[in-house]
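Report on the structure given below.
These figures come from a predicted structure and were not determined experimentally. Position 1 is the first residue of the sequence; numbering continues from there.
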Amino acid sequence: MVGLKEELLKPIWHAFTALDLDRSGKVSKSQLKVLSHNLCTVLNVPHDPVALEEHFRDDDEGPVSNQGYMPYLNKFILEKVQGNFDKVEFNRMCWTLCFKKNLTKSPLFISDEDAFKVWVIFNFLSEDKYPLVIVPEEGYMLKKGHRRKNWTERWFVLKPNIISYYASEDLKDKKGDIILDENCFVESLPDKDGKKCLFLIKCLDKSFEISASDKKKKQEWIQAIQTTVSLLRVGSPPPHKEARQKRKELRQKLQAEQEELERQMKELQIANENKQEELETVRKQLEEAAARAAVEEKKRLQTQMELQDRFSVELAREKMVRQQMEEQVAQKSSELKQYLQRVCELEEMYKQLQEALEDEKQARQDEETVRKLQARLLEEESAKRAELEKWHLQQQQTILMTEAEKQELETQRIIKERALQVAMQQLEQLELERKQALEQYEGVKKKLELAANKTKSWKDKVAHHEGLIRLIEPGSKNPHLITNWGPAAFTEAELEQREKSWKGKKATSEE
């Protein structure tokens, strides 16, 4: 169980440090709740959502450090692990949280799945110290010169006890080394001289000012150098040497297990020879049983042939029934198509009938317009006639005047005659317009008759098709009195009364 706990701690601390975005060594409680819930899910451990708050109830000022999270992790998660979980799913969950932090180069020369496998192997071979750090072994940074004090871009490579820097990443032109020992230390510097992300590496004889490309790279290099110096101070071997020693011990253990396995194989071989004789006896018994089984198989095949013949007869009967049903379905489909075609024809006929009714409606509107025009012309003609009668009466009265006024009246008579001629010309013009209106009325009347005939023909066609549609016929109308401006505003009786009144006034004025 202890080995399983140490194996689980490595991916968990990778996930914890990935949540530490500002490199402060602490993670917020909300993120730890999510991490703890996911760990309980993949490890098949009952999750207590109140346990985290209860465990840190005295620490309400901010996020939790890795030392503060370790007791909670051991008590509420790792001690409850039973081993009945999927290790690949557990590693993949931790890798999902930390892969963006560890994979700084894009694109990779390997696939994402291979990168995940390399990360799992790294956790298996790494040292058992936490939090674990994947050291950035190389990269471009700016270095300040010791003599000319100028800044030059170099390719830095971090090794267990030395940092080498080159002119380029091909490692052909080496420019120098920074020797690391237990007396070295690294510290961050404020921005100056237009350079950012500065840090200082102090050794016994020299100090080196270096500018990283961004704050993330600066923090990673500082943390990696501090880790290397710490290992040198405690006298621990580099991680790769310790891993090499572990692999050597593992190979020796596997070799001893291989020798023990060979010894056991020899014992199994002797036991196998004894078993071979027993198997020969069993083989003979099996041959006899096979002969009996062949007879039974023959009987079974005969029974199967009989069942197959019976099934063939039933299948032929079912096929015949299915064919009859298909014929009935085809007949019904044909009847349905004919019915749909008839419905389409009736719909088309209905549309054409609607168009005929629209034409009839338009013809009636044109007729009403012509009637209004005739009524207006007749009204103007009546007004002109009344004006002419008035002038005629005035002329008759002028004749009866005295001889002294005769000359003056003659002059006025001439003027009025001229006006009368103009009025007569206007009256002729109105008469001409009335005739034109009558011609238009006759044309509209013909259109109306044509539309009525067309409607009647469609009515006959609809009646021929079983009378599914009934035409809407216009109602009968009483004859109207038509003038030059359309329908008159008075009846024939009123017109006769007005004519008698006018004749009476005219007779009175002549006397």
Query raised in the report: Are W95 and H14 close enough that their ring centres sit under 6.0 Å apart?
Result: no
Requested in this report: Could you tell me whether the side chains of S111 and D114 share a donor-acceptor contact shorter than 3.5 Å?
Outcome: yes
Report task. Using a strict 4.0 Å threshold on nitrogen-to-oxygen distance, state whether R385 and E381 make a salt bridge. Result -> yes
Query - E499/K503 ion pair, N-O < 4.0 Å - result: yes
Query raised in the report: Any side-chain donor-acceptor pair under 3.5 Å between K218 and S188?
Result: yes
Query raised in the report: Is a side-chain donor or acceptor of S334 paired with a backbone partner of A330 at a separation under 3.5 angstrom?
Result: no
Query raised in the report: Side chain of K384, backbone of L427: donor and acceptor closer than 3.5 Å?
Result: no
Query raised in the report: Which word best sums up how the rings of Y140 and W155 line up, parallel for under 30°, tilted for 30 to 60°, or perpendicular for over 60°?
Result: perpendicular
Query raised in the report: Is there a donor-acceptor contact under 3.5 Å from the side chain of D214 to the main chain of K216?
Result: yes
Query raised in the report: Are W13 and F16 close enough that their ring centres sit under 6.0 Å apart?
Result: yes
Query raised in the report: With distance as the sole criterion, is a donor-acceptor pair present between the side chains of Q31 and S28 under 3.5 Å?
Result: yes
Requested in this report: For the pair K175 and D173, find out whether any cationic side-chain nitrogen is under 4.0 Å from an anionic carboxylate oxygen.
Outcome: yes
Report task. Answer yes or no: is there a side-chain heavy-atom contact under 4.5 Å between D112 and F99? Result -> no
Query raised in the report: Counting distance only, does the side-chain N/O of T508 pair as donor-acceptor with the main-chain N or O of G504 below 3.5 Å?
Result: yes
Query raised in the report: Do you see a donor-acceptor pair shorter than 3.5 Å between the side chains of Y350 and Q354?
Result: yes
Query raised in the report: Counting distance only, does the side-chain N/O of N44 pair as donor-acceptor with the main-chain N or O of N84 below 3.5 Å?
Result: yes
Report task. Kindly indicate whether the side chain of V444, heavy atoms from C-beta on, has any atom under 4.5 Å from the side chain of T369. Result -> no
Query raised in the report: Is the NZ or CZ atom of R154 both under 6.0 Å from the centre of the six-membered ring of Y166 and within 45° of that ring's axis?
Result: no
Query - Salt-bridge contact K435-E439 (side-chain N to carboxylate O under 4.0 Å) - result: no
Query raised in the report: Is K75 salt-bridged to E79, going by a charged N under 4.0 Å from an acidic O?
Result: no
**Report entry** Any side-chain heavy-atom pair of S211 and F199 under 4.5 Å
**Finding:** no
